[in-house]
Amino acid sequence: GESLSLMLQIFPFGENRHLLLVQDVTDLQKADAMRRDFVANVSHEMRTPITVLIGFLETMQTLDLDKSQQHQYFELMMAQSKRMKSLVEDLLTLANLEANALPAPMQEIQIPTLMALLKNDAEALSKGHHKFQFHIESSHNLMGEEREIISACGNLVSNAIRYSPDTASISATWNVNKQGEGEFSVTDTGPGISSEHLSRLTERFYRVDRSRSRDTGGTGLGLAIVKHIASRHQGQLTIESTLGKGSTFKILFPRERVVSEKSKDA
Ligand code: ADP
């Protein structure tokens, strides 16, 4: 069921004459419902850490805690505050991406530099547990907005780390396919995602497992941001996954954004 929303307006004119205006407002109503959902979601996401923070503050106000208990409370309050900070930052990122209808600029992004940076961040985040492989299969570079590309690719790597067990293997690959398109992909041997969830993953605040995602430190906006960044580069985010086997997230960039590496002596 898709339902149709019609707006009916009757304008009387003349004697016993009326003009009946029928408008299809389905899309308008959908946009409005989405906006309402979004505001409700943001409020809910913000309220949780704030409620927890207030709870801790009230406890500290009433109880006479010793130094080590105080320390523990401060740690927990810091974690909640950081969560609110990342949520606000992700919301701003998303708002900026949405407000900017222009295509991403054409700066040359050095793939080896990008991959080294991603590898560094990955190892710091996983604390040395996961098995990582970073492959550069083409010497071509990518034209785009460097900060956005780092953020999109980094998001896919950090999701692979956060949702896969310590023993999982994670590989990140840059390749140029036969059609000349650039491909950045991340494959993990993590839990995988069932097909009913796949198409909804890039929706803001959509999570497969609400309770689990919370303690993995995500804001629920990561893949929405990745999708926006991909489309600002005329690219596409594709997701393939098998439950119990793992997932591959790929950003496909058009040929126009792939350049051969400038020769060193040029
Ligand atoms: P979050 O902040 O919750 O990580 P994302 O938009 O980045 O938000 O991801 C949305 C949901 O997609 C996650 O909550 C998780 O359920 C699922 N997901 C993302 N990446 C993976 C992955 N590599 N393996 C399994 N599930 C994933």
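Atoms within a ligand are numbered from 1 in the order they appear, just like the ligands themselves.
In this structure, Ala160 has a heavy atom closer than 4.0 Å to ligand 1. At least one heavy atom of Arg162 lies less than 4.0 angstrom from ligand 1.
Ring geometry, Tyr73 versus Phe56: the interplanar angle exceeds 60°, so the pair is classed perpendicular (tilted spans 30 to 60°).
Not a single N or O atom of Asp209, backbone or side chain, sits closer than 3.5 Å to an N or O atom of ligand 1.
Here Asp188 has side-chain heavy atoms under 4.0 Å from ligand 1, and that is the only part of it that gets that close. Contact annotation for Phe249 and ligand 1: only side-chain heavy atoms (C-beta onward) come within less than 4.0 Å of the ligand. Counting heavy atoms closer than 4.0 Å to ligand 1, residue Ile193 contributes side-chain atoms (C-beta onward) but none from N, CA, C or O.
Residue pairs meeting the ring-ring contact (aromatic ring centres under 6.0 Å, His included) criterion with at least one member in residues 102-124: none, sequence neighbours excluded. Residue pairs meeting the side-chain hydrogen bond (donor to acceptor under 3.5 Å, both in side chains) criterion with at least one partner in residues 235-244, sequence neighbours excluded, are Ser241-Ser247.
Within the listing of ligand 1, atoms 16 (O) sit less than 4.0 angstrom from a heavy atom of Val208. For ligand 1, the atoms sitting less than 4.0 Å from at least one non-hydrogen atom of Tyr206 are 10 (C), 11 (C), numbered in the order shown with element in parentheses.
Here the side chain of His233 pairs a donor or acceptor atom with the backbone of Ile229 at under 3.5 angstrom.
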